[in-house]
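Here's the structure, in structure tokens; my notes come after.
Hydrogens, waters and symmetry mates play no part in the numbers below; they use all other heavy atoms, side chains included.
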Amino acid sequence: MTVPWPSPPPPPPLSPAGVPLAEFTQRLLAYMIDMALLSAVGFVLFIPGFLVVFTQIEFPGPYDPQPDFDEVLTDYFVPVLLLEVGLFVAMVLLYYFYAVEYMHRTGQTLGKKAMKIRVVPLDPALRLTRGMAAKRYFVEYIGGMFVPLFSWVDGLWQLQDKPYQQTLHDKFARTVVVKVSP
């Protein structure tokens with residue numbers, strides 16, 4: 001009885017430049033690292049604003065008359081709403097500078113560096129431009145803010161995409177994510 005030789009594993013998928021593509025888990029962990037860093041910065045930005053707003057608000061005591069609607073609106077609701085809008089704008093700008101300005105220089109964010117992956121153009125003859133990075137940002141982050149479940153569809157798209165394992169934001173920007181050689 002002969003034992004058949006096991007077939008070798010399939011070759012890793014390659015980018016058009018012949019570089020191995022990043023795996024789903026590498027990309028997911030890089031995203032999680034980036035989001036943890038950005039969330040920590042957002043939290044640090046939020047604390048001073050929160051302290052300023054809530055130390056200026058005078059809350060009624062147990063024996064004070066209940067405030068009327070106009071007083072609640074102007075004294076409580078508007079300052080908190082302005083704090084939230086300011087934080088939202090600050091976070092959108094922070095995400096932009098991190099995901100576009102920081103990444104377009106080397107193709108890496110801190111999470112991508114940690115996972116040893118890089119964003120490169122689909123066309124090997126091109127360099128990653130600010131425009132490509134901005135397209136990725138707008139589809140990934142802005143699309144995810146306004147379209148329900150878009151972030152899930154976008155991130156999981158790479159599992160079925162052939163041959164370059166691109167997410168929707170990669171397709172829109174004409175980029176791929178590759179492993180960085182050691």
Side-chain angles (χ1 to χ4, degrees), residues 22-61 64 67 69-121 127-158 166-173 175-178 180:
E23 298 167 8
F24 174 77
T25 53
Q26 288 176 300
R27 292 183 70 165
L28 178 62
L29 288 172
Y31 178 79
M32 291 170 67
I33 291 167
D34 289 338
M35 289 302 105
L37 290 170
L38 290 169
S39 296
V41 170
F43 187 72
V44 168
L45 290 175
F46 176 74
I47 294 295
F50 175 82
L51 292 175
V52 166
V53 167
F54 281 94
T55 56
Q56 299 301 315
I57 293 176
E58 292 181 24
F59 293 100
D64 292 338
F69 179 74
D70 291 337
E71 194 176 328
V72 169
L73 187 66
T74 58
D75 291 347
Y76 307 114
F77 182 72
V78 171
V80 172
L81 181 64
L82 289 175
L83 174 64
E84 288 180 11
V85 168
L87 183 62
F88 176 78
V89 169
M91 291 308 293
V92 167
L93 292 173
L94 177 68
Y95 281 32
Y96 172 83
F97 283 110
Y98 184 73
V100 176
E101 297 301 324
Y102 185 69
M103 188 190 66
H104 100 274
R105 290 177 174 83
T106 63
Q108 293 178 301
T109 58
L110 293 175
K112 287 177 179 58
K113 281 182 183 180
M115 297 310 302
K116 296 180 176 37
I117 59 177
R118 174 186 318 270
V119 177
V120 297
R127 285 190 64 233
L128 185 66
T129 64
R130 182 177 284 117
M132 289 175 183
K135 286 179 184 178
R136 289 181 95 245
Y137 165 79
F138 282 113
V139 172
E140 181 178 12
Y141 294 110
I142 305 299
M145 276 193 256
F146 297 110
V147 179
L149 300 176
F150 179 79
S151 294
W152 284 88
V153 173
D154 179 35
L156 294 173
W157 192 268
Q158 64 187 301
Q166 292 173 291
T167 57
L168 295 175
H169 61 272
D170 284 323
K171 287 190 170 298
F172 188 74
T175 59
V176 293
V177 181
V178 297
V180 175

Over all atoms of both residues, closest heavy-atom pair of A99 and Y137: CB-CD1, 4.0 Å
Criterion side chain to side chain contact (heavy atoms under 4.5 Å, CB included) against V119, the qualifying member of T109, L128, T106: L128
Main-chain N/O of D34 paired with Y98 side-chain donor or acceptor, under 3.5 Å: no
Spatial distance of atom CD (Q158) from atom CG (L156) [nearest 0.5 Å]: 7.5 Å
Whether over 12 other heavy atoms sit under 6.0 Å from M32 CE: no
Shortest non-hydrogen separation from A30 to I117 and the atoms involved: CB-CD1, 3.9 Å
Non-hydrogen side-chain atoms of V120 and V176 separated by less than 4.5 Å: yes
Considering all heavy atoms, the nearest T74-P79 contact: O-CD, 3.5 Å
Nearest-0.5 Å distance that lies between atom CD in E84 and atom CZ in F46: 7.5 Å
Spacing of NZ belonging to K135 relative to NZ belonging to K171, to within rounding of 0.5 Å: 14.5 Å
Partners meeting salt bridge (Lys or Arg N to Asp or Glu O under 4.0 Å) with E101 (sequence neighbours left out): R130
K112 NZ to M103 CE distance, which is reported to the nearest 0.5 Å: 6.0 Å
Over all atoms of both residues, closest heavy-atom pair of H104 and A133: CB-CB, 3.9 Å
Worked verdict on V100 versus Y95 for side-chain contact (heavy atoms from CB on, under 4.5 Å): CA-CA 8 Å; V100 176; Y95 281 32; over 6 Å; no
Interatomic spacing from CE in M132 to NE2 in H169 - rounded to 0.5 Å: 14.0 Å
Other residues, nucleotides, ligands: >12 heavy atoms within 6.0 Å of F97 CZ: no
D170 side chain vs V177 backbone, donor-acceptor pair below 3.5 Å: no
Under 3.5 Å: donor-acceptor pair, side chain of D154, backbone of T167: no
K113 side, atom NZ; L110 side, atom CG - distance, nearest 0.5 Å: 6.0 Å
Heavy-atom closest contact (F150 atom, L168 atom, distance): CE1-CD1, 4.0 Å
Heavy-atom closest contact (G42 atom, L87 atom, distance): O-CD1, 3.9 Å
Mutual orientation of the aromatic rings belonging to Y31 and Y141 [parallel < 30°, tilted 30-60°, perpendicular > 60°]: parallel
Flag if over 12 foreign heavy atoms under 6.0 Å of CZ, F172: no
